[in-house]
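Right, one structure below, let's go through it.
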Number of protein chains: 4
Amino acid sequence: MAGNSIGQLFKVTTFGESHGPAIGGVIDGCPPGMTLTAEDLQLDLDRRKPGTSRYTTARREDDIVKILSGVFEDTTTGTSIGLLIENTDQRSQDYSAIKDVFRPGHADYTYWHKYGIRDYRGGGRSSARETAVRVAAGAIAKKYLFEQCGIQVRGYLAQLGPVKMAKLDWAEVNNNPFFAPDADKIEDLDQYMRELKKAGDSVGARINVVVSNVPVGWGEPVFDRLDADIAHAIMSINAVKAVEIGDGFAVVEQRGSTHRDELSNQGFSANHSGGVLGGISSGQDITVSMALKPTSSISVPGKSINSQGDEIDMITKGRHDPCVGIRAVPIAEAMLAIVLMDHYMRHRAQNAHVHVTTPDIARN
Amino acid sequence: MAGNSIGQLFKVTTFGESHGPAIGGVIDGCPPGMTLTAEDLQLDLDRRKPGTSRYTTARREDDIVKILSGVFEDTTTGTSIGLLIENTDQRSQDYSAIKDVFRPGHADYTYWHKYGIRDYRGGGRSSARETAVRVAAGAIAKKYLFEQCGIQVRGYLAQLGPVKMAKLDWAEVNNNPFFAPDADKIEDLDQYMRELKKAGDSVGARINVVVSNVPVGWGEPVFDRLDADIAHAIMSINAVKAVEIGDGFAVVEQRGSTHRDELSNQGFSANHSGGVLGGISSGQDITVSMALKPTSSISVPGKSINSQGDEIDMITKGRHDPCVGIRAVPIAEAMLAIVLMDHYMRHRAQNAHVHVTTPDIARN
Amino acid sequence: MAGNSIGQLFKVTTFGESHGPAIGGVIDGCPPGMTLTAEDLQLDLDRRKPGTSRYTTARREDDIVKILSGVFEDTTTGTSIGLLIENTDQRSQDYSAIKDVFRPGHADYTYWHKYGIRDYRGGGRSSARETAVRVAAGAIAKKYLFEQCGIQVRGYLAQLGPVKMAKLDWAEVNNNPFFAPDADKIEDLDQYMRELKKAGDSVGARINVVVSNVPVGWGEPVFDRLDADIAHAIMSINAVKAVEIGDGFAVVEQRGSTHRDELSNQGFSANHSGGVLGGISSGQDITVSMALKPTSSISVPGKSINSQGDEIDMITKGRHDPCVGIRAVPIAEAMLAIVLMDHYMRHRAQNAHVHVTTPDIARN
Amino acid sequence: MAGNSIGQLFKVTTFGESHGPAIGGVIDGCPPGMTLTAEDLQLDLDRRKPGTSRYTTARREDDIVKILSGVFEDTTTGTSIGLLIENTDQRSQDYSAIKDVFRPGHADYTYWHKYGIRDYRGGGRSSARETAVRVAAGAIAKKYLFEQCGIQVRGYLAQLGPVKMAKLDWAEVNNNPFFAPDADKIEDLDQYMRELKKAGDSVGARINVVVSNVPVGWGEPVFDRLDADIAHAIMSINAVKAVEIGDGFAVVEQRGSTHRDELSNQGFSANHSGGVLGGISSGQDITVSMALKPTSSISVPGKSINSQGDEIDMITKGRHDPCVGIRAVPIAEAMLAIVLMDHYMRHRAQNAHVHVTTPDIARN
């Protein structure tokens with residue numbers, strides 16, 4: 001397969017280019033019997049959609065999702081779910097200037113060499129526009145996981161350029177356009193973004209996601225460890241360059257006596273592991289952190305070549321996010337939800353009959 | 001599937017427990033016509049094998065690999081390759097004390113909850129002993145990639161606890177038992193490890209891998225990006241808690257004008273991207289960094305519970321690596337080779353016929 | 001995955017119910033660079049579509065397909081191709097009477113037990129309406145195979161109830177609404193179908209497909225033999241109950257000295273094997289035959305039960321094909337094309353570099 | 001992947017050539033907690049093994065299977081199960097004469113063109129020797145299905161050349177070397193086989209398999225229908241050329257009023273469908289029939305070419321089964337068991353929570 005699907009049992013396949021008539025996808029494997037309407041998906045789509053604040057691209061897309069199949073009388077039937085989101089604000093004329101040009105830091109050059117053809121309008125398939133479908137699919141997974149297991153998947157902006165959050169207040173996250181969990185930092189963020197826009201430049205970000213209430217025992221040994229599948233899913237998000245589980249890179253300087261989380265009947269003594277041991281969930285919060293690079297679509301001039309190999313100077317016009325990390329919060333949540341849903345189903349397939357009397361200490 | 005395979009077209013499946021009679025695996029999809037003997041695999045197995053220095057576990061395994069199929073008259077036939085490595089130094093008696101006990105920081109607790117049964121001898125399937133098969137499979141991929149494309153996959157120890165390498169001298173890496181690329185740091189490493197052993201503790205490490213000479217155009221868009229598949233493969237190595245591609249977490253504070261690698265006929269101006277753009281290889285070196293946690297098998301006493309839920313104090317006996325990161329270098333190389341081999345074949349399947357006249361600037 | 005995809009490298013995923021707003025699908029892995037427009041797909045869709053003759057269902061669907069992605073300026077880009085066909089003549093009111101009733105010979109009873117819910121309108125997902133998407137996907141495969149290798153995939157009606165074709169005239173097949181290759185039998189077919197309709201009954205059929213110009217060497221050993229994948233694809237068509245390759249069931253009474261096709265420089269002496277040896281194409285025509293059961297949607301009363309377990313008498317109303325086998329010809333062609341396309345790509349992935357000087361005798 | 005695996009969740013991968021040191025495989029996904037020893041596998045291996053009667057090849061293999069992993073203290077652990085069967089009676093010298101020659105009716109010609117190299121000893125990977133591993137894997141599936149659901153998978157010889165069985169007496173099947181269910185036909189079979197051997201020829205056969213006690217609801221809609229996956233698995237057996245489910249090719253002449261199995265509280269009125277409706281099990285017996293071609297390894301001289309393209313006359317020497325269909329009975333059972341096990345697990349993954357009050361009428 002050519003990379004447009006994720007998941008083994010809860011399988012999400014997407015299609016669509018930035019400036020084509022529509023984007024969409026298919027979810028194969030959703031369990032039957034869950035109540036579901038398009039509104040359930042719209043909530044997260046609205047959190048991701050462009051044009052909602054001065055900090056994101058000016059492209060306006062309503063991102064209205066239609067459920068074309070797999071749901072009957074507002075209930076999932078177990079058959080494949082077709083999703084469709086029409087593109088309404090393409091403005092292809094913005095992009096004709098880059099037809100033969102490889103924008104630095106973009107996929108133009110690599111797509112061209114791979115395929116010998118590319119839909120140059122707005123990045124075509126390499127555009128983050130595709131992630132809207134992931135968010136819709138993730139919303140289905142989120143709903144099922146919450147209803148069946150009480151699982152919550154919640155992300156936030158941990159750092160934007162030099163601005164680091166100092167506290168984690170979940171109640172604040174959805175109150176501001178940055179998904180920032182620290183109300184005291186909103187002004188810093190606003191000011192930094194204003195200066196950035198004035199400079200015509202962009203900046204990176206760190207996003208964290210916490211998954212709570214995952215039962216102990218999900219994940220597979222060896223290659224499809226829960227953390228390996230999470231790393232895959234997170235690194236598949238446009239612009240992500242790094243992933244950490246639990247303490248992440250801090251473990252390099254840790255000693256085993258510090259890192260290992262001791263067990264008692266009161267639970268684990270700490271969560272250095274980030275909720276995964278041997279590739280399998282421990283029942284603790286799953287903690288994931290990721291870095292998103294600054295978008296390369298900026299108005300600062302840069303050097304490049306065109307498809308004939310001639311050297312050129314170029315400015316990327318169009319409507320772009322100065323920090324793509326901001327809108328990545330619902331996308332990252334969606335990817336985590338999809339991975340967990342898949343592992344839940346894999347666990348049911350092989351181990352549905354397993355019962356141990358040992359307590360789930362993370363629930364104590 | 002239950003997680004014991006990796007790869008779509010160059011598919012590696014492994015089996016075997018730490019203290020069973022043997023470990024082994026199957027490689028499905030290896031192209032025909034490559035000369036191959038067991039010695040080709042043994043080279044990397046010897047780099048990984050235990051008991052070779054005072055810094056690793058005292059368990060002695062010769063790790064002699066047998067090729068049982070798929071090779072005829074020293075040439076691959078295109079049929080599945082069966083690999084077998086017998087376990088010879090199991091000493092199961094060392095482990096009977098931990099039969100009902102969950103060692104902190106290990107997979108004991110999670111395997112027990114998942115399966116309701118576990119092979120407690122030496123960690124069973126969760127032991128890094130399984131990685132010997134990965135190294136054997138990776139050696140096949142390495143050989144093919146080098147012979148067909150000149151690709152080199154080379155790793156090194158970048159940091160061990162507080163000891164950071166200050167230079168990268170490839171000639172030094174295989175000259176010392178640490179895979180350290182900086183001869184000036186060997187003494188620091190030796191001294192740190194001695195103190196660590198005396199303390200009965202363990203420590204984390206950072207490993208880097210560089211892949212050179214990858215042609216532009218390998219990888220898939222969207223979910224199976226080359227970097228996403230690399231993240232998956234790397235995070236599937238025991239003890240890995242974090243992965244970076246290119247600049248990794250440093251991108252959080254970078255601006256787009258800094259991060260984007262400009263193009264000219266002389267090649268890219270820099271390699272912030274780590275050789276992957278839009279999930280597809282750019283022709284530059286692919287640079288990967290990873291963090292390995294300190295092993296939890298230490299003689300410092302710790303608190304835990306047993307399978308009845310009783311609280312206990314415990315010390316992990318047995319023979320263990322005080323820094324599992326050291327021996328991870330050939331494993332990480334193997335995983336990179338397997339991922340690249342898979343994407344090479346995926347590329348051939350879909351795009352073998354594509355030819356563009358645009359120069360491969362990374363080769364200029 | 002829940003069964004809505006076929007293919008490893010040329011992967012077709014479908015969605016949609018008989019009476020939902022639309023059906024559609026995604027093709028993942030189509031090679032880039034092929035000219036393609038919706039008209040290329042429409043040709044085969046028109047051959048399959050209902051309402052075109054008095055011998056098929058009265059439901060009228062134009063089956064206009066839209067290509068939503070993966071094609072740019074009438075050329076495939078290598079990214080996933082989204083397909084959409086809107087349902088326009090659903091008439092759901094026809095089906096409300098069967099809401100709680102299991103029609104004999106249908107999937108109603110089995111879907112209900114599997115999912116606990118079913119879209120009862122027109123069979124929902126179990127309806128052959130889904131096969132329109134297969135036909136569209138198959139048209140893409142057909143075009144690529146023909147342009148790259150000169151491969152032709154052609155099917156015909158071999159038998160309908162008691163009426164057997166006596167000759168195979170390819171020029172006749174698309175001249176009549178039965179896909180019959182024998183002009184002398186059209187009147188018999190017409191008369192048989194009139195009587196059948198009068199009786200309110202249905203009948204089975206035998207369909208044959210011949211694939212010409214397949215190069216020697218496609219297919220995989222062991223499980224994914226070319227014939228095994230063909231059997232899977234053909235048996236996945238609604239109503240198919242049997243599949244033969246080459247001589248099929250006739251081999252039971254054959255001797256080896258008769259069955260084996262001898263080789264000379266003039267080619268094979270015969271084609272008992274049906275173009276597949278050891279699971280791999282021999283270069284001869286691939287010959288496939290299949291049986292389609294009579295549809296169970298008939299107006300002859302029958303006994304059944306409802307979802308409460310009560311016994312009932314019922315007549316299936318609605319608009320149905322008295323012989324579903326007729327319209328299966330383009331569907332069977334599509335499935336063969338999809339399987340061959342997939343194996344072509346798998347062959348390229350592993351064996352693109354193989355060259356032997358031995359002649360391809362089937363081409364001599 | 002290159003075709004050496006079958007199954008999605010109960011995944012069987014095999015390796016090994018006819019005359020290599022060993023054959024073996026890996027089972028990934030077996031549920032934990034089942035008691036299992038090598039003896040459980042040996043029973044079916046002994047039914048399949050060569051050299052047990054005058055009607056099969058004279059090659060003697062004890063086919064002793066070793067379980068190398070995935071079983072601890074005679075209980076499955078849920079990790080991958082490694083299987084190994086050493087080849088002990090290879091006699092490679094028998095085969096050197098065919099090194100450059102393509103035996104008619106064999107895979108020699110197609111493997112050569114596909115791979116450019118082949119292990120010519122005894123057919124290498126294309127030999128039915130590989131099926132021993134399938135039988136071992138199938139025995140695990142059989143045991144689990146029987147213990148969990150009471151499912152029985154039983155095959156028999158229905159016809160050998162012109163000799164058709166007249167009755168089905170299950171008690172007789174394992175009493176004779178033909179797996180014949182009709183004691184009155186044993187003498188006919190014996191006499192026919194003696195004449196066949198004298199003629200140096202071979203003959204085809206029909207094998208039937210019946211699976212009893214499958215619950216209603218297993219299988220997937222659309223592509224991975226239970227019958228489609230069965231057709232795939234059966235056609236993947238060496239020499240199989242045709243597959244039928246239920247009434248098979250007889251449906252061509254049936255009317256819908258005859259074919260559809262009516263429902264009542266006493267169960268289905270008949271089993272024309274063969275236990276599968278809409279790709280999903282109905283709770284009735286699953287009935288499968290298959291045709292196996294006569295082996296092409298006969299001493300009757302035949303014409304062929306060699307790898308230089310020269311025409312030659314040849315006789316296939318070596319030790320061969322005059323009717324490969326006989327030993328196919330346990331192989332066919334194994335394939336059915338593997339498919340059902342896989343679909344059981346797929347069903348659990350998606351639909352484990354579904355409960356309907358409608359009675360399972362096939363159990364009434």
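Side chains are part of it too, since the values below use all heavy atoms of this structure and drop only hydrogens, waters and symmetry mates. The sequence lines fix the lettering, A, B, ..., with proteins before strands; numbering per chain opens at 1.
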Whether the side chain of [X] engages the backbone of [Y] through a donor-acceptor N/O pair (distance < 3.5 Å, no angle test) should be reported.
| X | Y | value |
| --- | --- | --- |
| C/His272 | D/Gly105 | no |
| C/Tyr115 | D/Gly217 | no |
| C/Arg225 | D/Ser236 | yes |
| D/Lys114 | C/Val216 | no |
| C/Asp201 | D/Ser257 | yes |
| D/Glu262 | C/Lys303 | yes |

**Q.** Residue D/Ser264 versus chain C: region with a heavy atom under 4.5 Å
**A.**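 When you check distances to chain C, atoms from both the backbone and side chain of D/Ser264 fall under 4.5 Å.
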Part of [X] lying under 4.5 Å from any heavy atom of chain D:
| X | value |
| --- | --- |
| C/Met290 | backbone |
| C/Val356 | side chain |
| C/Tyr192 | side chain |
| C/Ile245 | both |
| C/Pro301 | backbone |
| C/Ser289 | both |
| C/Ala270 | neither |
| C/His353 | neither |
| C/Ala199 | side chain |
| C/Ser273 | both |

Q: Go through the structure and list residues passing side-chain contact (heavy atoms from CB on, under 4.5 Å) with C/Gln159, not counting sequence neighbours.
A: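 Listed in chain order: C/Lys164, C/Arg206, D/Val252, D/Glu253.
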(Q) Evaluate D/Glu130 against C/Val222 for side chain to side chain contact (heavy atoms under 4.5 Å, CB included), listing each step before the verdict. (A) CA-CA 8 Å; D/Glu130 177 268 342; C/Val222 189; 3.2 Å; yes
Q | Nearest heavy atoms of C/Phe249 and D/Ala291, plus distance in Å | A |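 Of all heavy-atom pairs spanning C/Phe249 and D/Ala291, the closest is CD2-CB, 3.5 Å.
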Q | Exercise: identify the closest heavy-atom pair between C/Met235 and D/Asp227 | A |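 The answer is CG-O, 3.5 Å.
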Q. Regarding C/Asp360 and D/His113, is there a side-chain donor-to-acceptor distance under 3.5 Å anywhere?
A.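 No, no side-chain donor-acceptor pair sits under 3.5 Å.
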Q) Residues two or more places apart in sequence or in another chain: which of them pass salt bridge (charged side-chain N to carboxylate O under 4.0 Å, His left out) with D/Arg125? A)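 D/Arg125 satisfies salt bridge (charged side-chain N to carboxylate O under 4.0 Å, His left out) with no other residue.
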Q: Heavy atoms only, distances under 4.5 angstrom: which of C/Ser307, C/Ala349, C/Gly246 has the most pairs with chain D? Name it, please.
A: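 Most heavy-atom pairs under 4.5 Å with chain D: C/Ser307.
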